[in-house]
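Okay, structure first, notes after.
Read the numbers this way: they start at 1 and go in the same order the structure lists the ligands and their atoms.
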Amino acid sequence: MIRLTNVEKVYRTDTVETLALSNINLEIGRGEFVSVMGPSGCGKSTLLNLMGLLDAPTKGEMVIDNTPLQNWSDKKLAQFRNQKLGFIFQSYHLINDLKVLDNVELPLLYRGTSARERKQLSAEALGKVGLSNRMKHFPSQLSGGQKQRVAIARAIVGKPDIILADEPTGNLDSAMGNEIMDILLQLNVKEGTTIIMVTHDEHMANKTHRLLRLFDGAQVQ
Ligand code: ADP
Ligand code: ADP
């Protein structure tokens, strides 16, 4: 599903050069649930951003879904990202002046799905995360756990093959964190979605199939 071969990422500015990832070799199969751990600054977000096609490696090869991504135009990358990938962030990244249902519709809007189908699919996705009764609320009217459930609904509304989650339970207490984790586990088992999750929480990581540890830009496990 995802293969990284000798991947390196260097951030360069006029004055500094940071080796964020070096020589990453990684294969993630369809339907796997992988967690990524490691100390702050070790390259976890960078790795997720590469796999999310939000940033390009400096060296090495990336293949997603049997498709090598070298030399793709930004437009093609954006389209691929919109159709194959779903994103979940620690701080939810909901749009505060859009109602819950409208937030969830966003990925479909970019795809040109009809209004009727957008409403139907979004309501369905909200049903899957147990928020059918909050469609007309605004994000500010929800708890942190509920906001993250809306973000999950937004991530799954387009039925992506892969979900990339950057500390999805990081801002939540353990009860709400466990709820979010249960939703992700269900999604993985029932829909076969491949999930890659950055976490600081060993307890959450232990629930996944595989743990990838990074240290100082290198893969140690
Ligand atoms: P983590 O998510 O594990 O905390 P990051 O992937 O955010 O780590 O960062 C890895 C390294 O790359 C850090 O040393 C960080 O300072 C550096 N880095 C991250 N983003 C940038 C950037 N946009 N420009 C320059 N350096 C960056
Ligand atoms: P934080 O730890 O500050 O809460 P997030 O987990 O929200 O960070 O975001 C993780 C990474 O994803 C960051 O590198 C950020 O720049 C990037 N990011 C956040 N939101 C978006 C977005 N809507 N689109 C693309 N990239 C994003």
Side-chain angles (χ1 to χ4, degrees), residues 1-28 32-64 69-75 77-78 80-81 84-94 144-145 147-148 151-152 154-155 160 162-174 176-177 180-181 184 188 193-221:
M1 183 104 248
I2 301 180
R3 195 170 69 233
L4 277 68
T5 311
N6 299 326
V7 161
E8 176 185 290
K9 177 68 190 177
V10 178
Y11 291 104
R12 282 197 182 89
T13 64
D14 291 347
T15 50
V16 287
E17 205 173 274
T18 313
L19 180 62
L21 290 174
S22 69
N23 202 30
I24 302 291
N25 287 286
L26 181 61
E27 193 157 348
I28 296 173
E32 264 198 283
F33 192 161
V34 179
S35 43
V36 182
M37 298 190 82
S40 180
C42 71
K44 303 182 295 296
S45 294
T46 300
L47 182 65
L48 225 56
N49 286 344
L50 293 185
M51 292 197 279
L53 315 182
L54 299 166
D55 206 351
T58 318
K59 272 190 206 157
E61 192 194 18
M62 272 187 35
V63 175
I64 298 185
L69 298 162
Q70 270 93 343
N71 308 321
W72 279 33
S73 67
D74 284 350
K75 191 178 163 194
L77 284 173
F80 193 89
R81 190 187 303 133
K84 300 272 183 191
L85 307 175
F87 296 90
I88 304 168
F89 303 100
Q90 176 173 4
S91 44
Y92 326 123
H93 292 288
L94 299 176
K147 283 184 203 170
Q148 196 57 297
I152 294 175
R154 181 185 55 190
I162 302 166
I163 293 225
L164 300 168
D166 200 343
E167 295 196 51
T169 64
N171 282 357
L172 303 173
D173 67 29
S174 63
M176 285 205 273
I180 294 301
M181 198 58 201
L184 293 177
N188 174 249
T193 311
T194 307
I195 305 181
I196 299 137
M197 175 182 78
V198 169
T199 182
H200 278 115
D201 189 330
E202 296 273 356
H203 172 69
M204 302 295 176
N206 283 335
K207 296 185 182 191
T208 67
H209 300 148
R210 174 146 73 115
L211 171 61
L212 182 78
R213 271 189 203 278
L214 293 179
F215 187 79
D216 223 359
Q219 193 176 333
V220 293
Q221 181 181 321

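Residues with a heavy atom under 4.0 Å from ligand 1: Tyr11, Thr18, Ala20, Pro39, Ser40, Gly41, Cys42, Gly43, Lys44, Ser45, Thr46.
With sequence neighbours excluded, the residues satisfying ring-ring contact (aromatic ring centres under 6.0 Å, His included) with Phe80 are Trp72. Remark: Lys84 pairs with Asp65, Asp161 by the salt bridge (Lys or Arg N to Asp or Glu O under 4.0 Å) rule, at least two apart or across chains. With sequence neighbours excluded, the residues that form a side-chain hydrogen bond (donor to acceptor under 3.5 Å, both in side chains) with Asn6 are Asn25.
Ring pair Phe89/Phe87 is parallel by interplanar angle, where below 30° counts as parallel and above 60° as perpendicular.
The main-chain N or O of Thr193 is found under 3.5 Å from a side-chain atom of Asn188 such that the two form a donor-acceptor pair.
Partner of Ile88 under the side-chain contact (heavy atoms from CB on, under 4.5 Å) criterion, out of Leu164, Leu184, Ile195, Ile180: Leu184 alone.
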